[in-house]
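Taking it in order: structure first as structure tokens, then the write-up.
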Protein chains: 2
Amino acid sequence: MTEEAGGTRPTMADVARAAGISTALVSIVMRGVPGASEATRKRVLKIADEMGYVPDQRARKLRQSSSRLLGVTFELQQPFHGDLVEQIYAAAARRGYDVTLSAVAPSREESTAVGALLRERCEAAILLGSRLGTEELARLARRGPTLLVARHTDVPGVGVVRGDDKAGVALAVDHLAALGHRHIAHIDGAGAPGSSDRRLGFLEAMGRHGLQDSAEVLAGGLTESAGAQGMRYLLARETPPTAVVAFNDRCATGVLDVLGREGHAVPGEISVVGYDDSRLAKFPHVQMTTVSQDAARLAEAAVSGALDLVAGREASESVFAPHLVERATTGPAPGHP
Amino acid sequence: MTEEAGGTRPTMADVARAAGISTALVSIVMRGVPGASEATRKRVLKIADEMGYVPDQRARKLRQSSSRLLGVTFELQQPFHGDLVEQIYAAAARRGYDVTLSAVAPSREESTAVGALLRERCEAAILLGSRLGTEELARLARRGPTLLVARHTDVPGVGVVRGDDKAGVALAVDHLAALGHRHIAHIDGAGAPGSSDRRLGFLEAMGRHGLQDSAEVLAGGLTESAGAQGMRYLLARETPPTAVVAFNDRCATGVLDVLGREGHAVPGEISVVGYDDSRLAKFPHVQMTTVSQDAARLAEAAVSGALDLVAGREASESVFAPHLVERATTGPAPGHP
DNA sequence: ATGGAGGACTAGTACGTTCTAGTCACGGCA
DNA sequence: TGCCGTGACTAGAACGTACTAGTCCTCCAT
């Protein structure tokens, strides 16, 4: 209660002095590496704890040749990014790596976030759903190993880990078609990463089922409001679609919300499919049918991909096959057996 | 494209050598402080950029007496925390401070997150909606300046910035009572920070309106599912309440979702009030009546409070008066003029 | 001419660690 | 007895930067 003298935190030298040994030995103990007797080890640990000593990560990483630090940018308000970040923490820890976060938000641009990462000297940068332009991406890649999650790029040297967006949306369409739906709409992600692939996947799949004429694509976005707006627009038609494939779970949530509000039964009247299988889809009261990207697998691949880049291996693109998670927001088309 | 020799990033010494000057001068230029001629400044900046030199934040903070770094823990899946983090970035930047984030998630405990922060040697730790026990909090406070946001504590030395939870819920109840509602339920936050205050505020306000007998409190939580579950439970009653005050916006979202699904008009049949005024409440298709905590103000107070602690000033508790944001989920009680 | 004043620049140390290359004592073995 | 291996420990040099205390040099007022 009284040991906080001057406000400066105790350093290894303080601990060493208190224990009557060298700083090198304290270092050995704190790192838990062999080279100290069991007795000293116990004693030092005890003293350190009493003094409130905590190793300085800064000095530590500065000294170490490899910082064992991974930088991650993510969008503060994207639940799926939250899922990914959580899994990246775990995947990194498994390899003895630390993670430093840099958030993207309406008032904090991605370039700001990336700049902060760069200055942290992380060994690699993992960008979740980045919207960086080719130019900026290339510059970043020149600065250090860079890996994109959930977005494609042709910039050489940049690693990519993503789900197969075309295939994912196709799964959704196949599922709906099998349920007898003919008139299906897609509320897309506007300019968001992956949205052009999903749009294409939708149209191709619809074509495969001979439904190209009743396929409808709406400009959407990745927020609830985009989904809600799109759905309201669709409901204003004389014959609204019987099924909607949303760009992501957030968008689908908006769709579901409008449907509930306007008194349309889901899936009785209209079926809805989301994308991501984020926590939004899993809620017991939502039980959304969605296309799962398996955050854990993507995170694992992202971390190992990033470390491959660090090790000097060639940048590669890993594409994961998504799978459909059938829950309660899809059902037979009205009038279908 | 070819300058990345050996994989080691260029250092100040490299830039200095390339420019034929001392590292000290490079340092002066990079920091933008007076002491270099305009000509050198331009030249050094150009060379640094060409070499892809980025100052090492680690070494920098290590050297500086004060690290000008604020640590923040937040919950990855709590939209209101996202709002707060965004504003904290801004408030910190205004004072020339950096922010380091440490996320809390189901698979990443708060103590882990705090430990990571400690090792980063930030000048102060800001904990959003912490659930740390008194014991742990006290230990943390001994380690360094600590400030809690959106949660109260009696631990001495710990700063607190929060909204007036009792008053906030009272605002909601007053609003509903004025609209003629008599039978009002509160789905609370279970053990979450602030939930006991909100519960109390609810009961007191109901009492003030002479409605203590029709006041109902349900164990809830801070997720959509908690809200949904609570609402379903209420709807199973023979006479459900005509209004619901949810613990937070996420909880209210779950409530609204169930109501929509079960075909109950909002606010025609049942009114709903959230808490936080997070992005969930602001969506055009939701337009949730909610109690605003004004993230920007809380963030500003949190940052300045944390820096006060750093400056050695006494820990204090700042309580902000919340205000009601009337939107579209509340209306007159059924049968009320 | 002389004496600053101030601008441009540099040498060298400190920050808190890790790591390399030791030193020292002890014990076992030939 | 001498030799060597081993376990416990230490001295001191990095790591990349910021900062203090200078050193020059030029220019201007006296």
Side-chain angles (χ1 to χ4, degrees), chain A residues 6-45 47-48 51-69 96 98 118-123 144, chain B residues 6-45 47-48 51-69 96 98 118-123 144:
Chain A
T8 56
R9 306 214 244 209
T11 134
M12 234 168 64
D14 298 326
V15 178
R17 205 172 311 120
I21 56 175
S22 72
T23 60
L25 190 49
V26 177
S27 171
I28 287 172
V29 170
M30 294 314 292
R31 278 175 295 151
V33 297
S37 72
E38 207 43 47
T40 338
R41 203 172 284 275
K42 277 223 180 75
R43 201 163 55 89
V44 170
L45 249 19
I47 293 177
M51 299 180 68
Y53 168 73
V54 181
D56 186 328
Q57 203 69 307
R58 282 226 154 58
R60 187 173 260 190
K61 300 255 187 225
L62 175 60
R63 181 57 240 256
Q64 283 165 339
S65 39
S66 80
S67 65
R68 296 193 85 75
L69 220 208
D98 282 333
L118 239 30
R119 271 170 307 222
E120 293 284 339
R121 274 287 185 280
C122 20
E123 292 184 19
Chain B
T8 55
R9 306 211 242 211
T11 129
M12 235 169 62
D14 298 325
V15 177
R17 206 171 310 121
I21 57 175
S22 72
T23 60
L25 189 49
V26 178
S27 171
I28 287 172
V29 170
M30 295 314 292
R31 276 175 297 150
V33 296
S37 71
E38 208 43 49
T40 335
R41 205 173 282 277
K42 278 224 180 74
R43 200 164 55 90
V44 170
L45 250 19
I47 293 178
M51 299 180 68
Y53 168 73
V54 181
D56 185 328
Q57 203 68 300
R58 291 235 142 53
R60 188 173 260 193
K61 300 254 186 225
L62 176 61
R63 181 58 241 258
Q64 282 165 335
S65 40
S66 80
S67 65
R68 297 192 85 74
L69 220 209
D98 283 332
L118 240 29
R119 268 163 300 181
E120 293 284 340
R121 275 288 185 279
C122 16
E123 292 184 18

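We name chains A, B, ... by the order of the sequence lines, and we start the count at 1 in each one. Side-chain atoms are counted along with the backbone in the values below, which use heavy atoms only and exclude waters and symmetry mates.
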### Task
Answer whether the closest heavy-atom distance between the side chains of B/Leu62 and A/Asp56 falls below 4.5 Å.
yes

### Selected nucleotide, minimal atom distance to A/Arg63 side chain, candidates D/dA18, D/dT17, C/dC19
C/dC19

#### Entry: Shortest side-chain distance from A/Thr11, nucleotide among C/dG16, C/dC9, C/dT18
C/dG16

### Task
Just call it for B/Pro55: base, sugar-phosphate, or nothing, with non-hydrogen atoms closer than 4.0 Å on any strand.
sugar-phosphate

### Task
Quick one: closest heavy-atom pair of A/Thr23 and A/Ala16, and the distance?
N-CB, 3.8 Å

### Query
Between D/dG16 atom P and B/Tyr53 atom OH, what is the distance in whole Å?
10 Å

### Query
Quick one: is B/Arg58 getting a side-chain N or O under 4.0 Å of the C/dG16 phosphate, OP1 or OP2?
no

### Query
So which nucleotide from C/dG16, D/dA18, C/dC19 ends up closest to the side chain of B/Leu62?
C/dG16

#### Entry: Side chain of A/Arg31 (C-beta onward), nearest among D/dA8, C/dT18, D/dG16
C/dT18

### Query
Does B/Ser27 have a side-chain nitrogen or oxygen under 4.0 Å from the phosphate oxygens OP1 or OP2 of D/dC19?
no

### Task
Let me know the distance between CE of B/Met30 and P of D/dT17, rounded to the nearest Å.
9 Å

### Message
Whole angstroms only, please: what is the CE-P distance between A/Met12 and C/dC19?
### Response
11 Å

### Proximity to the side chain of A/Ile21 - top-ranked nucleotide from C/dT17, D/dG16, D/dT10
D/dT10

### Task
Whole angstrom is fine here: how far is it from CD in A/Glu120 over to C1' in D/dG16?
14 Å

### Query
Roughly, in whole Å, what's the span from CZ in A/Arg68 to P in C/dT18?
14 Å

### Rounded distance [0.5 Å steps], CZ in B/Arg119 versus NZ in A/Lys61
9.0 Å

#### Entry: d(CZ, A/Arg119; P, D/dT17) in whole Å
13 Å

### Query
At under 4.0 Å, does any side-chain N or O of A/Ser22 touch on OP1 or OP2 of D/dA11?
no

### Query
Taking for each residue the nucleotide of DNA chain C with the nearest heavy atom, is it B/Glu38 or A/Thr23 whose nucleotide lies nearer the 5' end?
B/Glu38

### Listed nucleotide nearest any side-chain atom of B/Ala59, set D/dC9, D/dT17, C/dT10
D/dT17

#### Entry: Length of the line joining B/Leu25:CG and D/dT23:P, which is rounded to integer Å
18 Å

### Task
Return the nearest nucleotide to the side chain of A/Ala24; candidates are D/dG12, D/dG16, D/dC9.
D/dG12

### Message
The test is side-chain contact (heavy atoms from CB on, under 4.5 Å); show your working for A/Leu69 and B/Arg58 and say whether it passes.
### Response
CA-CA 12 Å; A/Leu69 220 208; B/Arg58 291 235 142 53; 3.1 Å; yes

### Message
Just the rounded figure in Å: distance from P of D/dC9 to CD1 of A/Ile28.
### Response
9 Å

### Task
Evaluate the criterion side-chain contact (heavy atoms from CB on, under 4.5 Å) for residue pair B/Thr40 and B/Arg43; output intermediate values, then yes/no.
CA-CA 5 Å; B/Thr40 335; B/Arg43 200 164 55 90; 4.2 Å; yes

